[in-house]
Amino acid sequence: MTTYETFTLVFSAAVMLSTIVYALLTRRLVNETILLRKAQTEPHIGVYLRPSDILVNIFDLVIENDGHGPAYRIRWTTGPDLQSQADKGVRLDYLKNLDGLTYMAPGQRIQSFLGSAVELLKHDPRPSVTLNVEYSDAKNQQYKSSYVLEPARFEGLSRIGANAEQEM
């Protein structure tokens with residue numbers, strides 16, 4: 001075998017190895033692009049409590065599609081016994097209006113009164129509600145999330161000064 005043939009053989013092996021590595025890296029990049037595209041089009045409905053902007057002792061229930069895609073066919077279930085929680089001041093009647101909501105746009109937020117801290121925090125044990133939400137995306141892929149709402153987490157919260165919008 002001549003030097004030229006040896007050089008050609010080594011060079012061909014290096015090109016073959018480089019092509020294999022390049023193909024593997026390209027495959028990985030394609031998979032990451034697919035995942036990124038999926039993340040940019042899937043919905044995500046988040047549910048949380050927050051003190052009202054107006055009064056710190058009022059709790060608002062916030063339902064928000066913080067994903068990048070629209071959510072379709074939204075269904076709610078609650079637990080534990082909603083009637084016993086309502087007796088403790090939890091107001092989730094509004095969810096009945098939202099059950100079967102057909103569409104929630106990306107970035108859309110729905111905010112509703114949940115209850116007064118004075119009423120909610122005077123009970124022992126403190127009220128706690130689990131909200132389960134089921135929805136789908138444009139390709140009919142199903143999503144499920146569960147959220148525990150515990151007003152007691154805000155006990156002792158205070159605010160200095162008034163809301164700037166109200167002062168104006």
Side-chain angles (χ1 to χ4, degrees), residues 28 30-168:
R28 184 174 175 188
V30 166
N31 288 339
E32 287 179 7
T33 304
I34 289 170
L35 289 174
L36 224 122
R37 178 67 180 143
K38 183 180 177 194
Q40 290 176 339
T41 58
E42 63 184 23
H44 180 265
I45 295 186
V47 179
Y48 57 93
L49 289 181
R50 67 182 291 247
S52 171
D53 291 332
I54 299 169
L55 295 170
V56 74
N57 66 338
I58 298 294
F59 291 115
D60 287 337
L61 171 69
V62 180
I63 301 166
E64 181 175 18
N65 182 1
D66 54 6
H68 295 287
Y72 297 93
R73 296 170 292 283
I74 302 163
R75 308 291 298 173
W76 302 95
T77 57
T78 58
D81 177 30
L82 197 54
Q83 184 56 47
S84 69
Q85 300 304 327
D87 294 341
K88 294 180 180 180
V90 176
R91 305 288 173 245
L92 285 175
D93 301 335
Y94 185 68
L95 281 182
K96 292 176 190 169
N97 297 337
L98 294 179
D99 199 30
L101 187 66
T102 56
Y103 179 81
M104 194 166 187
Q108 183 177 355
R109 178 190 307 190
I110 300 170
Q111 193 166 325
S112 177
F113 172 75
L114 179 89
S116 163
V118 174
E119 177 69 22
L120 295 171
L121 299 177
K122 75 178 183 181
H123 298 281
D124 196 28
R126 304 284 205 268
S128 176
V129 177
T130 302
L131 281 180
N132 303 304
V133 59
E134 297 179 25
Y135 53 98
S136 59
D137 63 11
K139 293 181 180 179
N140 210 23
Q141 181 178 345
Q142 299 294 315
Y143 298 89
K144 293 181 182 182
S145 299
S146 184
Y147 300 94
V148 178
L149 307 175
E150 297 177 312
R153 290 184 178 191
F154 294 95
E155 190 169 10
L157 179 71
S158 61
R159 185 181 294 159
I160 297 175
N163 185 330
E165 292 176 357
Q166 289 178 344
E167 286 184 3
M168 289 174 60

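None of these values were measured; they are calculated from a predicted model.
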If you compare all heavy atoms of Pro43 against all heavy atoms of Ser136, which two are closest, and at what distance to 0.1 Å? CG-O, 4.3 Å
Looking at His44, is its backbone amide N or carbonyl O close enough to the side chain of Asn65 to form a donor-acceptor pair, meaning the two atoms are under 3.5 Å apart? yes
If you define the side chain from C-beta out and look only at heavy atoms, does anything of Gln40 sit under 4.5 Å from Leu36? yes
Test Leu61 against every option in Val47, Val129, Ile110 by the side-chain contact (heavy atoms from CB on, under 4.5 Å) rule and name the one that passes. Val47
All heavy atoms of Pro106 vs all of Gly67, minimum pair found to be CB-O, 3.7 Å
Out of curiosity, Met104 CE to Arg73 CZ, how far, rounded to the nearest 0.5 Å? 15.5 Å
Residue pairs meeting salt bridge (Lys or Arg N to Asp or Glu O under 4.0 Å), one or both in residues 129-138, sequence neighbours left out, come to none
Would you mind reporting whether His68 and Asp66 have side-chain heavy atoms less than 4.5 Å apart? no
Can you measure from OG1 (Thr77) to CG (Leu131) and round to the nearest 0.5 angstrom? 8.0 Å
Treating Asn31 as the side-chain partner and Leu35 as the backbone partner, does any N or O pair qualify as donor plus acceptor under 3.5 Å? no
Can you tell me how the ring of Tyr143 sits relative to the ring of Tyr135, calling it parallel under 30°, perpendicular over 60° and tilted otherwise? parallel
Quick one: does Lys144's side chain get under 4.5 Å of Asn132's, heavy atoms only? no
When rounded to the nearest 0.5 angstrom, what distance separates CD1 in Ile63 from OH in Tyr48? 10.5 Å
Checking Tyr103 against Gln108: is there a side-chain donor and acceptor pair closer than 3.5 Å? no
Would you name the heavy atoms of Thr130 and Ser146 that are closest together and state the gap between them? CG2-OG, 3.4 Å
Minimum side-chain heavy-atom gap Ser145-Ile45 below 4.5 Å: no
Does Lys139 reach the side chain of Thr41, with side-chain heavy atoms less than 4.5 Å apart? no
